[in-house]
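Everything below concerns the one structure shown next.
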There are 2 protein chains.
Amino acid sequence: MSDNKNIRIKDIAEMAGVSVGTVDRVIHKRGKVAEEVRKKVENVLQSTGYKPNLLARTLGSKKALKIALLIPDPKQDEYWALAESGVKPSLEEWSQYGLEIAPNFFDLYESTSFATSAKEVLSSKPDGVIVAPIFHNESLNLFAELDRDQIPYVLFNTNIPEAQPLSFIGQDLYQSGKVGGELLSLDNTEKKGVAVFHIHESIDNSVHLKAKETGLRDFLGTAYDIESYDLNHVNSGELNQIVSKILHQSDLGAAFVSTSQGTNIIATLMEKHNCTHIKLVGYDLLAANLHYLEKGVINFLINQNPKRMTQVGISHLTNHLLFHKELPREELFPLEIISKQNVGSYLNSRIH
Amino acid sequence: MSDNKNIRIKDIAEMAGVSVGTVDRVIHKRGKVAEEVRKKVENVLQSTGYKPNLLARTLGSKKALKIALLIPDPKQDEYWALAESGVKPSLEEWSQYGLEIAPNFFDLYESTSFATSAKEVLSSKPDGVIVAPIFHNESLNLFAELDRDQIPYVLFNTNIPEAQPLSFIGQDLYQSGKVGGELLSLDNTEKKGVAVFHIHESIDNSVHLKAKETGLRDFLGTAYDIESYDLNHVNSGELNQIVSKILHQSDLGAAFVSTSQGTNIIATLMEKHNCTHIKLVGYDLLAANLHYLEKGVINFLINQNPKRMTQVGISHLTNHLLFHKELPREELFPLEIISKQNVGSYLNSRIH
DNA sequence: CAACTAATTGTGTGCGCACACAATTAGTTT
DNA sequence: AAACTAATTGTGTGCGCACACAATTAGTTG
């Protein structure tokens, strides 16, 4: 079909009987080109299937991309530390293109903190933004401004249907809950009591945690006795008491925790109260979770892969800005099942 | 610390008080450079942390990479069709660099066919080779020639310790077996009989399947009654008889199949003989396997991800040839646990 | 010391594109 | 028709590197 040899702008120019400057103008829709000429050039472009050489394009331009990252403070929650850890490899991957990543952290417990950080992001005039929109309303404000300034942005971890991001990166939470149910039901124990724990900080987020719960309930059906507990903003003393009571219900056979940090909190209490026989399924490869997985207190973890979410988000943004690549509106990660036996292969793998 | 601005060869040359040509010679170890000068330049290179601009480097060179792929005929086994399906996305990914991939297929059942294909690969004078070394001895012959011709190669799927490839891409088979054991033991059924099936074509390969079995046995320990069956080169009539007898043992609670194709063969027989109560763990997302996973005949699949192995292999080779990147000698993939509930998220994900 | 060779070092060009700027042409006004 | 402006098109340069080739210097020989 087409020649193996790559077609250059120069070739297009010759074929269309114009200069490279005109072809350039047509390709980038800049400057003025006579309508007749434009059509001719576009025809040639079309028929030859011209693809610009990205190397040459980027080499010449020399502009440093500035991407802002807006996530909760990694010090507050290891989950976000994992997310942040994706920055470094991304910088290395894209260092050739002069990529700059400016991380902005906000307080997981303060929506005002989010708003403040969002302002800082905006005033830094980034070329693109990747954001974990934990706080709904404040996020919408940010998106409005980004839309106005024509700054592309990628959402990750939490989706916001009203937003029009370049893409969303995350998981199907409902299906995630189903996987949780599947894992809990593996052991056909007599005990049909299942406790669902939502231990989180922001009420905004609880919508998403409920999606997991719905998936879990839909999978387990009526054969199980599912009770859910919303334990946000509870101090550890209270938590201990409440959970202790729950764990000692005679019929309780399994527990599902919808958050990564919550997973090891429950695991700690299970161990403390000698309830390690209760099946436990939670989220993510936090150090404490790995510890309890190893010990057998946690039976399975579902990996959300925050590190890779960050990397993919940055990659999408960079590909868009640098190469004008078409990207999927939604990038749903696989629901990775992590057990004691396969956890090592995940931790050692560079792929993940 | 270091200036944000990228250091160019020209800068190095100025600092060292030489010309760019000399710096070029030092970087590429070509031509003659006075020992004294070389040291000076290398010092500057070191202290500035010079990183070549890959865009510029690749832009200038203009050579089309030719990579040969040597795998079993995709028509013979869907596993290898999956492996081959990684070629297309790879070509797209690297199209900018003028990458050519020449697939060479051999007969899974004929070591001589491998040798013939290997010859073809060699005579095509590729820049790099990615090979599934199914046949041990024949592979060693190939490697010897590749080593002699200084052609880099990547092994995937099957490792060969004697070889010195750029890197090996695959999984930890022993640990894979452990995961299999873990998955089979989830259901604390009374029945402690476990059947291990090796259904394969090449005897060479059986060493690797045994590694899985060892992992399985080490995990399950003595509490289980494990019996293993080596069913290579058996026709389907015989197979039916043999397996039927095994499946009807009264104590049999679980089965582990070490190959992807074998997995659906056993699943088919299980269904035929109404033995779907027996737990079944096998390998890979073949269409038939997905069918039986959906039906509940297969309980879990361990995903080896042949498609991605191909992609990563090509990526490694390309990165090496084009960018002289340092690569890990071994790239072990995560041992992905696939269940009825999370299989969709894997099939839909672009990441995998 | 001229004439040569070998060793070492420097210079110039192209890769394909983006973008600034120069040149040309058409159209208008006085 | 000269003098202008607006519209359109063409030309030249740099991005950083690789590589071919030219130039210089040192070393040797008759």
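- The pairing partner recorded for dT29(D) is dA2(C), the criterion being a Watson-Crick or G-U wobble arrangement whose two distances lie under 3.5 angstrom.
- Using a cutoff of 4.0 Å between basic side-chain nitrogens and carboxylate oxygens, K39(A) and E42(A) are not scored as salt-bridged.
- Of the candidate nucleotides dC17(C), dT9(D), dG16(D), dC17(C) has the atom lying nearest to any side-chain atom of R8(A).
- For A56(A), whose side chain is taken as the heavy atoms from C-beta onward, the closest listed nucleotide among dA18(D), dG16(C), dT9(D) is dG16(C).
- Rounded to an integer number of Å, the gap from CD1 of I12(B) to P of dC17(D) is 9 Å.
- Applying the 4.0 Å criterion to OP1 and OP2 of dT8(D), one finds that T22(A) has every side-chain N and O outside that range.
- The partner of dT24(D) is dA7(C), by the rule that a Watson-Crick or G-U pair needs both atom distances under 3.5 Å.
- Atom CZ of R38(A) is separated from atom P of dA7(D) by 15 Å (rounded to the nearest Å).
- Atoms CD (E14(B)) and P (dG10(C)) sit 12 Å apart, rounded to a whole Å.
- Q304(B) places none of its side-chain heavy atoms less than 4.5 Å from the side chain of L82(B).
- For the OP1/OP2 pair of dC19(D) and a distance below 4.0 Å, the side-chain nitrogens and oxygens of H28(B) include no atom meeting the criterion.
- The Y50(B) side chain lies nearest to dC17(D) when the options are dC17(D), dA18(C), dA18(D).
- The side chain of D24(A) lies closest to dC19(C), out of dT9(D), dC19(C), dG16(D).
- Distance NZ (K10(B)) to P (dG12(C)): 12 Å, rounded to an integer number of Å.
- Each of R25(A) and I27(B) lies near DNA chain D, and the nucleotide nearest R25(A) is the one positioned closer to the 5' end.
- Straight-line distance from the NZ atom of K32(A) to the C1' atom of dG27(C): 15 Å, rounded to whole Å.
- Per the geometry, CD1 belonging to I9(B) stands 15 Å off P belonging to dT11(C), to the nearest Å.
- Between F114(B) and I134(B), the closest heavy-atom pair is CE1-N, 4.5 Å.
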Would K40(A) and M15(A) count as a side chain to side chain contact (heavy atoms under 4.5 Å, CB included) here? Give the steps. CA-CA 10 Å; K40(A) 192 164 53 178; M15(A) 293 187 216; over 6 Å; no
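- Here the CZ-NE2 distance, from F156(B) to H316(B), works out to 13.0 Å after rounding to the nearest 0.5 Å.
- The residue V20(A) sits close to a base: some heavy atom pair falls under 4.0 Å.
- Here the side chain of R30(A) is nearest to one of dC19(C), dC17(D), dT9(D), namely dC19(C).
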